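Report on the structure given below.
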Number of protein chains: 2
Amino acid sequence: MLPVDPTQALRDAGLRVTGPRIAVLEALSAHPHADTDTIATAARTALGAVSTQAVYDVLRALSDAGLARRIEPAGSPARFELRVGDNHHHVVCRVCGAIADVDCAVGERPCLDPSDSHGFVIDEAEVTYWGVCPDCTST
Amino acid sequence: MLPVDPTQALRDAGLRVTGPRIAVLEALSAHPHADTDTIATAARTALGAVSTQAVYDVLRALSDAGLARRIEPAGSPARFELRVGDNHHHVVCRVCGAIADVDCAVGERPCLDPSDSHGFVIDEAEVTYWGVCPDCTST
DNA sequence: AGGCAATCTTGATCGATTCCAGAAAAGGTG
DNA sequence: CACCTTTTCTGGAATCGATCAAGATTGCCT
């Protein structure tokens with residue numbers, strides 16, 4: 001059982017309920033931080049056939065609706081996650097690209113204030129920790 | 001006059017001194033946070049003709065040698081800057097993509113410690129502030 | 001000056017993402 | 001429950017940033 005019913009989540013967000021959308025939501029639930037290819041493969045396993053564009057469109061719709069969040073570490077294709085309510089950050093492995101969540105110490109965004117904002121109106125501070133994951137360290 | 005003589009900087013880093021490299025260094029000095037296309041155009045203005053690969057090779061060589069730093073905000077092509085000694089961060093405009101430097105409050109890296117590192121060995125905390133720049137705010 | 005090795009040129013290739021036009025389907029309405 | 005409008009999905013092609021490959025050049029050390 002999923003933490004949130006995909007159908008209900010879509011309706012609550014004012015989005016139409018379709019096969020590809022449910023499949024993508026379930027794929028995201030099963031594979032946090034998955035890239036589009038992984039999501040597309042999982043969705044196709046569930047539905048039989050889903051076009052690449054449908055996956056991209058769905059992911060964009062979910063991002064716009066606030067149901068999913070797009071994260072894009074440098075040197076990696078876009079990845080998506082369902083955790084959107086809290087303001088958390090990520091650790092990325094320099095070797096294998098694995099991603100893990102890191103809770104924000106502050107909890108509200110922006111959780112950091114720049115020393116000099118240069119006149120920018122800042123609404124978010126995105127933190128990416130770079131390092132090496134346990135698997136790659138031991139190898 | 002440049003803060004650092006490109007020729008000397010290249011020699012100090014153990015790199016060969018070539019036309020394209022000097023042109024790229026000067027382009028970076030004149031255009032902080034420039035993307036590869038801007039750098040290539042500036043280099044061609046200075047030299048007459050420089051191949052795209054030369055620009056990419058030079059940028060990689062400079063990054064590897066520690067003379068330049070590659071930054072890659074989500075949704076934007078790779079950009080490069082010469083400030084490498086300090087540990088500073090960036091503000092990115094959501095509208096026009098402009099980038100400005102923000103000094104790090106701590107100064108040493110990693111300047112932040114994650115609350116739970118999940119066993120990762122972390123060596124850097126990269127902070128990206130997202131907002132709207134003065135120009136885009138007034139429009 | 002001589003020679004090795006790194007570097008630059010031209011051209012092709014690749015992966016991720018988006019554009020396009022048309023077919024299909026979801027959801028509100030009578 | 002059938003109909004209609006609007007959104008969404010399909011299939012194919014195209015774009016964009018970045019990289020690879022092979023050969024010609026050139027910088028640098030002896």
Side-chain angles (χ1 to χ4, degrees), chain A residues 5-27 33-44 46-65 67-68 70-80 97 99, chain B residues 5-25 27 33-44 46-65 67-80 97 99:
Chain A
D5 179 43
T7 302
Q8 194 58 44
L10 286 171
R11 288 194 196 283
D12 289 348
L15 295 176
R16 295 194 175 177
V17 179
T18 66
R21 290 185 171 178
I22 294 175
V24 166
L25 279 174
E26 290 178 340
H33 310 131
D35 56 37
T36 48
D37 191 59
T38 302
I39 296 169
T41 301
R44 291 194 180 104
L47 294 182
V50 179
S51 71
T52 305
Q53 279 61 34
V55 174
Y56 275 96
D57 287 348
V58 168
L59 289 172
R60 171 173 302 205
L62 294 179
S63 303
D64 291 347
L67 288 180
R70 178 186 186 129
I71 57 178
E72 203 170 331
S76 183
R79 292 157 182 270
F80 293 84
I99 298 180
Chain B
D5 179 43
T7 301
Q8 193 58 46
L10 286 171
R11 288 192 197 284
D12 289 348
L15 295 175
R16 295 190 175 179
V17 180
T18 67
R21 291 186 173 177
I22 293 174
V24 166
L25 280 174
H33 310 131
D35 56 37
T36 49
D37 191 60
T38 302
I39 296 168
T41 301
R44 291 191 179 108
L47 294 183
V50 180
S51 70
T52 305
Q53 277 58 38
V55 174
Y56 276 95
D57 286 347
V58 167
L59 288 172
R60 170 173 301 206
L62 293 179
S63 303
D64 291 347
L67 288 181
R69 183 176 161 199
R70 177 183 187 133
I71 58 180
E72 205 169 328
S76 183
R79 291 158 182 270
F80 294 84
I99 299 180

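What you see is a predicted model; the values in this text were computed from it and never measured.
Summarising the geometry, the separation between CG on A:Leu10 and C1' on C:dG27 is reported as 14 Å, rounded to the nearest angstrom. Computed from coordinates, the A:Leu25 CG to D:dT8 P distance equals 14 Å when rounded to whole Å. Atom CD1 in B:Ile39 sits roughly 13 Å away from atom P in D:dG17 (whole-Å rounding). Rounded to an integer number of Å, the gap from CZ of B:Arg21 to C1' of C:dT7 is 7 Å. Taking atom CG of residue B:Asp57 and atom P of nucleotide C:dT10, one finds them 14 Å apart after rounding to whole Å.
Heavy atoms of A:Arg70 sit under 4.0 angstrom from primed sugar atoms or phosphate atoms, though from no base atom. Residue B:Thr52 is out of contact with every strand shown, counting any heavy-atom pair closer than 4.0 Å. Counting non-hydrogen atoms under 4.0 angstrom, B:Thr18 reaches the backbone sugars and phosphates but no base. Contact annotation for A:Ala61: no contact, since no heavy-atom pair falls under 4.0 Å across all strands.
Residue whose closest nucleotide on DNA chain D sits further toward the 5' end, between B:Val17 and B:Tyr56: B:Tyr56.
Between the side chain of A:Gln53 and the base of D:dG12, at least one donor-acceptor pair of N or O atoms lies under 3.5 Å.
OP1 or OP2 of D:dA18 sits under 4.0 Å from a side-chain N or O of B:Thr36. Of the side-chain N and O atoms in A:Arg16, none sit less than 4.0 angstrom from OP1 or OP2 of D:dC9.
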